[in-house]
Amino acid sequence: MPDAQGALRGAHRKAWGAGLAACLAAPLLVLALVAGGVLAPGGNPVEGLYQQLGYTFTGLVFLSAAWAAWHRGRILKTFGGLPAAQRPGFLRREALRFAALAATSALWGALYWRMVGWQALRHALTFLLLTPVMFLCFMPGLQVWARAQKEVP
């Protein structure tokens with residue numbers, strides 16, 4: 001059993017590190033594109049259609065969070081029933097899935113910046129900041145994975 005625990009620990013460390021790195025890189029990339037002038041600020045007023053799109057982007061982030069919460073419970077139930085050899089790969093795949101889902105928040109921030117620019121800077125930055133926060137909130141920790149592998153259905 002120590003080998004299985006070591007494999008799980010190593011897979012989690014790599015997967016968690018790669019996922020967090022991706023979730024930190026996505027907003028930093030957007031900020032670099034803004035600072036470099038590649039992603040110019042929009043000049044539209046934050047009203048009407050653009051305000052509604054901002055609400056839609058916020059709703060999509062909340063929908064992503066709800067899906068991540070549901071999916072987290074589902075994968076933890078599945079994890080215990082997998083053969084030990086498949087668990088590290090499953091964990092890595094799910095970490096990448098959580099990272100990709102969280103990174104969509106940075107995309108919404110970039111799109112909102114491109115539409116309304118300086119008039120809604122704090123909103124665009126909030127989308128960017130939510131990227132790593134979502135990953136940290138929803139990616140299960142090592143103890144959660146270890147507990148899930150012991151709870152075979």
Inset, instruction - Answer yes if Leu53 and Tyr55 sit in the same cluster of Ile, Leu, Val, Met, Phe, Trp and Tyr residues linked by side chain heavy atoms under 4.5 Å apart, and no otherwise. - result: no
Inset, instruction - Could I get the full list of ring pair (Phe, Tyr, Trp, His ring centres under 6.0 Å) partners for Phe57, not counting sequence neighbours? - result: Trp108
Inset, instruction - Pick out which of Val30, Leu33, Leu31, Leu121 makes a side-chain contact (heavy atoms from CB on, under 4.5 Å) with Trp113. - result: Leu121
Inset, instruction - Check the pair Arg72, Val144 against side chain to side chain contact (heavy atoms under 4.5 Å, CB included), reporting the backbone distance first and the verdict last. - result: CA-CA 10 Å; Arg72 176 184 164 128; Val144 176; 3.8 Å; yes
Legend entry - Gap separating the CG atom of Leu111 from the CG atom of Leu60, nearest 0.5 angstrom: 10.5 Å
Inset, instruction - Would you give the length of the straight line joining atom CD of Gln51 to atom CG of Asn44, rounded to the nearest 0.5 angstrom? - result: 13.0 Å
Legend entry - Any donor-acceptor N/O pair, Arg87 side chain to Leu82 backbone, under 3.5 Å: yes
Table please: side-chain donor-acceptor pairs of residues 125-136 below 3.5 Å, with sequence neighbours left out.
unit_1 : atom_1 : unit_2 : atom_2 : d
Thr126 : OG1    : Arg122 : O      : 2.7
Thr131 : OG1    : Ala106 : N      : 3.1
Thr131 : OG1    : Leu128 : O      : 3.4

Under 3.5 Å, side-chain donor or acceptor atoms of residues 12-29 against the rest of the protein: list the pairs with distances, not counting sequence neighbours.
unit_1 : atom_1 : unit_2 : atom_2 : d
His12  : NE2    : Pro140 : O      : 3.1
His12  : NE2    : Leu142 : N      : 3.3

Inset, instruction - Not counting sequence neighbours, which residues clear side-chain contact (heavy atoms from CB on, under 4.5 Å) with Phe62? List them please. - result: Thr58
Using a 3.5 Å cut-off and no angle test, enumerate the donor-acceptor pairs between side-chain atoms of residues 88-101 and protein atoms at least two apart in sequence or in another chain.
unit_1 : atom_1 : unit_2 : atom_2 : d
Glu94  : OE1    : His71  : NE2    : 2.7
Glu94  : OE2    : Arg97  : NH1    : 3.1

Inset, instruction - Work out which heavy atom in Tyr112 is nearest to a heavy atom in Ala120; give both atom names and the distance. - result: CE2-CB, 3.5 Å
Inset, instruction - Please check if atom CH2 in Trp118 has more than 12 non-hydrogen atoms from other residues, nucleotides or ligands closer than 6.0 Å. - result: no
Inset, instruction - Find out if a path of hydrophobic residues (ILVMFWY) with successive side-chain heavy-atom gaps under 4.5 Å connects Val116 to Leu49. - result: yes
Inset, instruction - List for me each residue that meets side-chain hydrogen bond (donor to acceptor under 3.5 Å, both in side chains) alongside Gln86, sequence neighbours excluded, and say none if there are none. - result: none
Inset, instruction - Find the distance between CD1 (Ile75) and CH2 (Trp70) and round it off to the nearest 0.5 Å. - result: 10.5 Å
Inset, instruction - Determine the minimum heavy-atom distance between Ala68 and Phe138, stating which atoms define it. - result: CB-CG, 3.7 Å
Legend entry - Min side-chain heavy-atom separation Met139-Trp145 under 4.5 Å: yes
